[in-house]
Amino acid sequence: MSILASLAPAIAQTTEFVRPAIDWHAFAPELVLLAWGALVTVIDLIGGERTRRFMPSLTGIGFLLAMIPVLTLWSQNDDLPRVLFDGAYMVDHYSLVLKGIFLVSAYVIVLLSSNYMAEGDYYDAEYYQLIAASVLGMLVMTSARDLISIFIALELMSIPAYLMAAWRKSDLKSNEAGLKYMLMGVFASGILLYGMSLLYGAAADTRLVEIADAIDTGETTPIFTLGVLFTIIGFAFKVSAVPFHTWAPDTYEGAPTPLTAFLAVASKAGGFVALVSVVLFAFPHQWEIAEPVMWILSALTMTVGNLIALRQTNIVRMLAYSGIAQAGYMLAPLAVYSKVPDLAQSSIVTYLLIYAAMNLGAFAVVIIAARKTRSGDIESYGGMFRYAPGITVAMTVFLFSLTGIPPMGGWFAKFQIFNALLSAETTAATVLAIIAAVNSVIAAYYYLAIAKQMWFLPAPDGDHSPIVVPPALMAAVAITVIVTIATGSVGVGLVGDATDFVELLASP
Amino acid sequence: MQSFLDSWGITSMVFVPLLGAFIMMLIPEKEEELHKTIAFLATIVSAAIGILLLRNFDYDHTELFQFGVDRSWIDVINARYTVGLDGMSLPLVALTLLVTPLVIIYSWNHIPEPGNAKAFLMLILVLHTGMLGTFVARDLVLFFVFFEVVLLPMYFMIGVWGGEQRLYASIKFFLYTLFGSALMLVSFLALYKLTGAETFDIVRLSELVAEKGIPLSTQVLVFGGMFMGFGIKVPMFPFHTWLPDAHTQAPTQGSVILAAVLLKLGTYGFIRIALPILPAAAVEWAPWIGLLAVIGIIYGALGCLAQTDMKRLIAFSSVAHMGYVMLGIATLTDFGINAAIFGMVAHGLITGMLFFVAGSVKERYHTLEIARLGGLLVQAPKLGWILGITTMASLGLPGLAGFWGEFPVILASYDPAPGLSDTLFRVYMVIAAIGTVLAAGYLLWLLQRTAFGTPSEEFKNDPNIHDTVFTEWVAWVPMLILIVVLGFVPSLIFDVTDGPVQLISDMFVNGVDGSALGE
């Protein structure tokens with residue numbers, strides 16, 4: 001009783017709730033997607049079987065609709081950054097570019113999923129609703145500047161993915177994928193939350209800038225150091241950085257392939273966004289702790305990912321390990337973030353953009369090839385140049401882009417990483433740049449191994465019947481090929497401009 | 001006309017082949033004749049624009065970049081679309097414009113196994129764009145992009161249309177060059193940062209390095225990265241091992257382009273980028289480059305003597321010849337570098353020709369094993385004579401083009417740039433001179449074993465062995481004529497290259513003082 005009585009004045013105070021002024025326009029992409037997702041769910045409830053086949057198209061339209069406010073916000077350049085909820089939520093160039101990347105990637109993933117889901121024995125309407133929910137989490141993530149909103153965004157993004165990873169419910173491997181992913185994800189969330197609680201304990205605020213201000217001397221207490229480390233490790237699980245990567249290959253292999261593409265591209269990018277936001281906005285003065293950790297994570301991730309990828313015989317597992325290695329490149333700028341914060345951020349976003357296009361494209365080809373070969377073995381790609389030259393050329397574009405060969409986009413992504421590292425002008429950063437350069441040559445070997453199968457070797461069973469490509473998959477390949485080539489040649493200037501955040505750390 | 005050439009000349013010359021490849025993409029594979037015609041037309045249009053450029057080139061100011069275009073490209077990193085033609089790039093552009101159409105003519109009835117003229121010719125066109133672009137680029141990032149574009153088509157040409165060991169050869173070629181260019185890119189970026197992150201323009205960077213007083217030790221490291229990139233492409237000993245495999249396994253067309261143009265991308269990189277931008281580091285590196293060059297000369301020659309396969313022998317002779325080119329560059333003198341550029345063109349024509357002949361021999365005898373060949377002069381006398389002339393040119397006979405690539409280099413080594421040890425380079429000179437004797441040895445021995453004598457029992461009555469055919473004549477005559485003409489009138493090239501080479505060699509004339517740079 002006495003406790004309640006003592007709380008009474010506080011309760012009385014909080015009842016005088018004043019709604020914060022909400023900038024509806026700035027919040028519109030999330031709201032549109034939320035409303036549309038709800039609408040689609042209702043349509044599914046009412047329509048049942050009759051409306052089922054419209055679900056992919058409806059979901060896709062939802063992503064495109066949410067693009068409209070992103071574009072209008074971008075066009076009102078002078079009003080940026082827009083701050084909501086007392087600094088917990090921010091709409092700036094950084095978040096808008098990422099929202100664009102997430103929405104377009106999600107659209108491509110819907111294109112990849114429609115035939116796969118329709119042809120198998122799956123709950124397909126729910127699948128699209130979960131994708132929309134997960135993408136909503138990603139949109140929130142791009143703007144979240146507060147520990148709580150970051151955590152909520154992360155869970156909103158991850159929990160639907162746990163379900164979808166086990167979507168092939170009659171397949172043991174898929175069950176394994178879902179279970180492993182969920183256990184690891186929950187474990188990572190636990191570590192992350194623990195780290196966040198320590199940060200909150202030390203700084204007495206959940207907003208990232210406030211945390212940075214609270215401990216701006218660079219003098220750190222052990223509690224704060226632990227908080228920084230645990231937070232970084234929590235995100236390291238999400239982005240599958242070595243040594244926290246072990247869930248990724250099994251999950252990728254077992255999950256339905258379109259969902260694998262989603263995990264490898266969108267979900268991973270979501271984790272990166274959170275990591276970049278937290279490190280850059282909350283730990284600007286703690287670089288002495290964070291940078292060495294990032295250096296080690298980056299060097300380990302790219303090297304181990306590449307070396308294991310060399311030995312894979314299944315293409316999805318190979319792409320999983322190659323994705324781990326690519327995450328290593330993306331982590332590299334965080335090893336120098338105190339020296340070049342702007343460049344670190346923009347180079348990671350550049351990488352995410354180009355990586356999304358080329359990796360989604362590679363998965364599109366994997367899905368197309370599996371329609372004929374019913375196999376994920378790299379050997380089953382033999383002779384494809386003879387019977388499916390178009391697909392072969394498209395895959396070649398993606399593979400060379402992943403290798404980093406101009407005029408495909410991948411070179412500019414790597415270039416910007418090198419640019420960030422060398423701008424720091426420290427020996428450690430230069431060494432990391434050279435490690436990255438050597439790694440990109442190692443990676444070339446296994447990417448080329450696929451190109452070799454497709455171009456140089458005969459079809460394993462002598463079957464030269466052409467592959468029938470449904471229009472949705474064709475569209476997905478077309479979009480990704482165009483983006484992959486454009487981002488490395490004629491459009492590379494545009495990519496540079498879009499990802500050049502000059503007023504990056506402009507705090508509210 | 002002049003205004004078109006000034007603003008669009010180089011760009012259209014570079015990208016017309018790519019446009020041709022794009023059009024071919026839309027045409028079904030079975031229209032083989034149409035594909036050949038389009039590919040040929042694309043290279044001819046490109047060559048025609050090139051000829052117009054050559055005619056309107058101001059030969060009194062070869063040191064200036066002419067027909068220059070400078071447009072914004074990647075603003076964030078200050079990389080621009082900057083192209084131009086000067087006396088140093090002109091001979092190489094001309095060489096490229098000549099060789100590719102000839103290769104396409106040769107392909108008319110020589111599409112290698114397993115066929116598919118469409119893909120094969122499209123790759124040649126992409127290759128053409130990449131090579132031309134590399135020679136005209138004046139911005140390091142643009143240069144890098146074109147330099148790398150060349151990798152892809154060559155990888156597929158070797159891998160799809162190559163010989164028995166094609167898988168191994170193609171991946172080896174790719175990984176070696178990629179390794180070099182990854183380090184080269186890191187060097188380019190380091191240079192960009194060290195000079196204040198203002199520009200990637202080659203000329204401007206060269207000025208900035210001088211202004212900023214970058215420590216010599218740093219310069220030497222940056223030069224090292226470029227050395228890996230260009231040196232592997234050349235290829236210099238000990239990075240040459242990809243070359244014999246790639247050459248031997250590549251289809252004839254691939255070998256010709258590889259020998260005639262691709263190897264020059266490396267040497268061109270040295271004189272266009274490494275030397276002018278980092279002269280002080282170049283002085284430090286020159287003795288080592290010279291050393292590797294002469295090792296290459298002797299090693300290549302000894303390698304040739306040990307070969308049993310004609311194509312592999314020619315490939316090793318490339319290592320030796322590129323050794324002369326690199327030795328010329330390492331002298332850092334006007335004379336040496338001019339000779340090096342001449343050597344590039346001459347080697348392009350001569351070794352390109354040798355690979356053409358080897359391809360035709362292979363087509364007739366289905367083997368290139370020297371021990372099984374013989375009596376070519378009896379069975380196919382014209383082909384035999386062409387082989388004879390070309391080997392003579394290759395061993396550096398005066399009056400043919402090869403002479404002007406080797407002899408002046410040897411002379412130049414007698415008196416290298418100030419700051420380099422005279423004694424050391426005179427030792428190199430002697431070794432290089434011994435190399436010419438060895439070259440005469442292995443080339444004459446090759447000629448003797450393949451062309452002289454009587455045909456072996458195996459091929460005596462083979463109806464497949466016939467003399468040169470029409471497409472071969474069309475493809476070869478221009479190259480043979482040039483080999484002779486350049487042999488008699490070397491000033492055709494020396495007059496053009498001397499202007500820009502003077503600019504480089506002037507940097508070394510008074511000695512670049514490393515200590516003044518704040519070592």
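Computed from a predicted structure; not experimentally measured. Chain letters run A, B, ... following the sequence lines, proteins first, then strands; residues in each count from 1.
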Under the side-chain contact (heavy atoms from CB on, under 4.5 Å) criterion, do B:F144 and A:W411 qualify, and how do the steps go? CA-CA 10 Å; B:F144 169 77; A:W411 79 267; 4.1 Å; yes
Steps toward side-chain contact (heavy atoms from CB on, under 4.5 Å) verdict (B:L178, A:T403): CA-CA 10 Å; B:L178 187 66; A:T403 315; 3.9 Å; yes
Can you check side-chain contact (heavy atoms from CB on, under 4.5 Å) on B:F156 and A:F456, steps first, answer last? CA-CA 8 Å; B:F156 288 116; A:F456 307 163; 3.8 Å; yes
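Remark: A:L422 CG to B:Y192 OH distance equals 11.5 Å, nearest 0.5 Å. Summarising the geometry, atom NZ belonging to A:K452 is positioned 10.5 Å from atom CZ belonging to B:R166; distances are rounded to the nearest 0.5 Å.
Residues A:P389 and B:K118 have side chains not in contact (no heavy-atom distance under 4.5 Å, counting atoms from C-beta outward).
Between chain B and the residues A:L448, A:I405, A:V492, A:V495, the most heavy-atom pairs under 4.5 angstrom are made by A:L448. Among the candidates A:A444, A:A433, A:G390, A:S423, the residue making the largest number of heavy-atom pairs closer than 4.5 Å to chain B is A:S423. For the set B:W161, B:Y155, B:F188, B:F146, the entry with the most heavy-atom pairs within less than 4.5 Å of chain A is B:Y155. Taking chain A as the reference chain and counting heavy-atom pairs below 4.5 Å, the highest number among B:L152, B:V149, B:N116, B:D75 is found for B:L152. Highest contact tally toward chain A, considering only B:A182, B:S181, B:G159, is held by B:G159 [criterion: heavy-atom pairs under 4.5 Å]. Between chain A and the residues B:L151, B:L183, B:I77, the most heavy-atom pairs under 4.5 angstrom are made by B:I77.
The number of heavy-atom neighbours closer than 6.0 Å to CZ of B:R204, taken from other residues, nucleotides and ligands shown, is above 12. More than 12 heavy atoms of other residues, nucleotides or ligands lie within 6.0 Å of OH in B:Y81, so this atom counts as buried by the packing criterion.
A pairwise comparison of heavy atoms in A:G496 and B:V76 identifies CA-CG2, 3.1 Å as the closest pair. Of all non-hydrogen atoms in B:K193 and A:E425, the two that sit nearest each other are O-OE2, 4.1 Å.
Heavy atoms closer than 4.5 Å to chain B are found in the side chain of A:F385, but not in its backbone. With a 4.5 Å cut-off on non-hydrogen atoms, A:T396 touches chain B through its side chain but not through its backbone. Contact annotation for A:W455: both backbone and side-chain heavy atoms come within less than 4.5 Å of a heavy atom of chain B. Heavy-atom distances place no part of B:S72 under 4.5 Å from chain A, backbone and side chain included. Contacts of B:L185 with chain A are made by side-chain atoms alone, with heavy-atom separations under 4.5 Å and no backbone atom involved. With a 4.5 Å cut-off on non-hydrogen atoms, A:F400 touches chain B through its side chain but not through its backbone. When heavy atoms are compared at a cutoff of 4.5 Å, B:A79 does not approach chain A at all. If you measure heavy-atom distances from A:L421 to chain B, you find no contacts under 4.5 Å at all.
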